[in-house]
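Predicted model, so just to flag it, every value in this text is computed and none were measured. Worth knowing before you read on, the calculation uses all heavy atoms, side chains too, and leaves out hydrogens, waters and symmetry mates.
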Amino acid sequence: MTSTANETLVSADLPQETDGSTPPSRKRQSSAVKLPTRESAAAAKRRERILTVLVPICVIATLIALWQILVTVNDIPHYILPGPGLVVQSLLSDWHVLLPALWVTTKITLASLALALIGGGGMAILLVQSRWIETALYPITVILQVTPIIAIAPLILIYAPSTQAALLICAFVVAFFPILSNMVQGLKSVDHNLLNLFELYGASRWQTLIYLKLPASLPYFMTGLRIGGGLALIAAVVAEFAAGSAGAGSGLAFRLLESQFRLNISRLFAALFLLASLGVLIFALTSFISWWTLHRWHESSLKREN
């Protein structure tokens with residue numbers, strides 16, 4: 001009697017097999033998730049890159065198509081809202097006027113950004129060397145930042161030796177503070193354990209700055225670079241609006257005002273398109289510099305494996 005009960009319990013615990021079926025353990029193994037292969041991962045990355053490019057292009061093309069439909073359906077006059085075709089036609093026909101203006105604005109923007117990088121980085125290194133220097137100079141930089149550039153542009157135009165120098169100073173003042181602020185924050189954010197280690201090994205102040213503080217502050221500096229690039233372009237355009245400079249040495253901001261006064265709206269849109277393209281190009285360039293500098297070692301640019 002007891003042996004019969006034990007045989008019944010054992011038979012209940014064993015997996016039951018029927019004709020044409022597989023054991024549950026095999027079913028669980030067959031239903032396991034398959035790990036992605038190297039080829040499938042590469043195909044997924046390619047698909048992601050393609051979508052990253054195609055999605056913005058499709059959105060922009062859709063907006064342009066809606067713009068053209070709006071102008072055509074409502075029969076809007078070209079001196080109020082021109083269609084995309086007229087803007088492209090104006091861009092090609094007025095290229096001899098817009099190209100020199102674009103070059104002037106580009107030179108002012110890049111020169112002011114370069115000066116802001118040198119001045120902001122140098123000032124940040126000077127400020128973190130001494131608490132008294134930071135206490136004395138940092139409020140002045142804050143005052144320059146919070147004062148609207150359009151308010152001090154007339155004074156700069158009066159005292160600057162030339163209009164181009166005034167535009168350069170205005171763009172420099174706006175782009176200077178983000179780089180300075182981010183660089184100071186980066187130099188102050190160094191790990192204190194590493195600072196103690198450098199002190200333990202007898203490193204000098206300049207050795208600590210060059211081999212520890214500057215590399216640690218590089219991500220902050222690159223953030224200031226991306227911000228300062230866009231602000232330098234904005235400040236150059238605003239300063240030219242305030243200056244009202246005309247002639248052969250004028251930039252795209254004057255061409256915008258000139259087109260507005262002459263009701264040449266298609267040229268106005270063409271100049272605006274060039275300004276937007278210049279801003280996107282500067283942002284892409286600064287982002288590439290940041291990625292190229294940080295992608296091998298910093299967490300913000302490293303790709304996650306999962």
Quiz prompt | Stepwise side-chain contact (heavy atoms from CB on, under 4.5 Å) check, Thr147 with Val173 | solution = CA-CA 10 Å; Thr147 305; Val173 169; over 6 Å; no
Please report the interatomic distance [atom1]([X]) to [atom2]([Y]), rounded to the nearest 0.5 Å.
X	Y	atom1	atom2	value
Leu127	Thr141	CG	OG1	7.0 Å
Ser259	Leu98	OG	CG	7.5 Å
Ile265	Ile80	CD1	CD1	9.0 Å
Leu86	Leu91	CG	CG	12.5 Å
Met222	Leu218	CE	CG	4.5 Å
Phe172	Leu144	CZ	CG	9.0 Å

Quiz item: Is it true that atom CZ of Phe273 has more than 12 heavy atoms of other residues, nucleotides or ligands lying nearer than 6.0 Å?
Solution: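 Counting neighbours around CZ of Phe273, 12 or fewer heavy atoms of other residues, nucleotides or ligands fall under 6.0 Å, so no.
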Spell out, yes or no, whether [X] and [Y] are grouped together once hydrophobic residues are joined by side-chain heavy atoms under 4.5 Å, including indirect joins.
X	Y	answer
Ile227	Leu180	yes
Leu272	Val97	no
Leu126	Phe177	yes

Practice problem: Please report the shortest heavy-atom distance between Val190 and Leu187, naming the atom on each side. | Solution: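 Closest approach of Val190 to Leu187, heavy atoms only: CG2-O, 3.5 Å.
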Quiz item: Between Ala271 and Leu256, which heavy-atom pair has the shortest distance, and what is it?
Solution: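 Looking at all heavy atoms of both residues, the closest pair is CB-CD2, 3.7 Å.
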Quiz item: Any Lys/Arg nitrogen of Arg255 or Glu258 sitting under 4.0 Å from an Asp/Glu carboxylate oxygen of the other?
Solution: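 Judged by the 4.0 Å cut-off on N to carboxylate O distance, Arg255 and Glu258 do form a salt bridge.
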Quiz item: Can you pull the ring pair (Phe, Tyr, Trp, His ring centres under 6.0 Å) pairs that have at least one residue in residues 179-227, sequence neighbours excluded?
Solution: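 For residues 179-227, and leaving out neighbouring residues, there are no ring pair (Phe, Tyr, Trp, His ring centres under 6.0 Å) pairs at all.
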Quiz item: Can you check side-chain contact (heavy atoms from CB on, under 4.5 Å) on Val237 and Thr109, steps first, answer last?
Solution: CA-CA 9 Å; Val237 173; Thr109 302; over 6 Å; no
Exercise. Please confirm whether the backbone N or O of Ile289 pairs with a side-chain atom of Thr293, one donor and one acceptor, at under 3.5 Å?
Key: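 Looks like yes, one N/O pair under 3.5 Å.
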Quiz prompt | side-chain hydrogen bond (donor to acceptor under 3.5 Å, both in side chains) contacts in which one or both residues fall within residues 66-90, not counting sequence neighbours | solution =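 Only Gln68-Thr72, Ser90-Asp94 qualify under side-chain hydrogen bond (donor to acceptor under 3.5 Å, both in side chains).
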Practice problem: Using salt bridge (charged side-chain N to carboxylate O under 4.0 Å, His left out) as the criterion, list what pairs up with Lys107, not counting sequence neighbours. | Solution: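 Listed in chain order: nothing, the list is empty.
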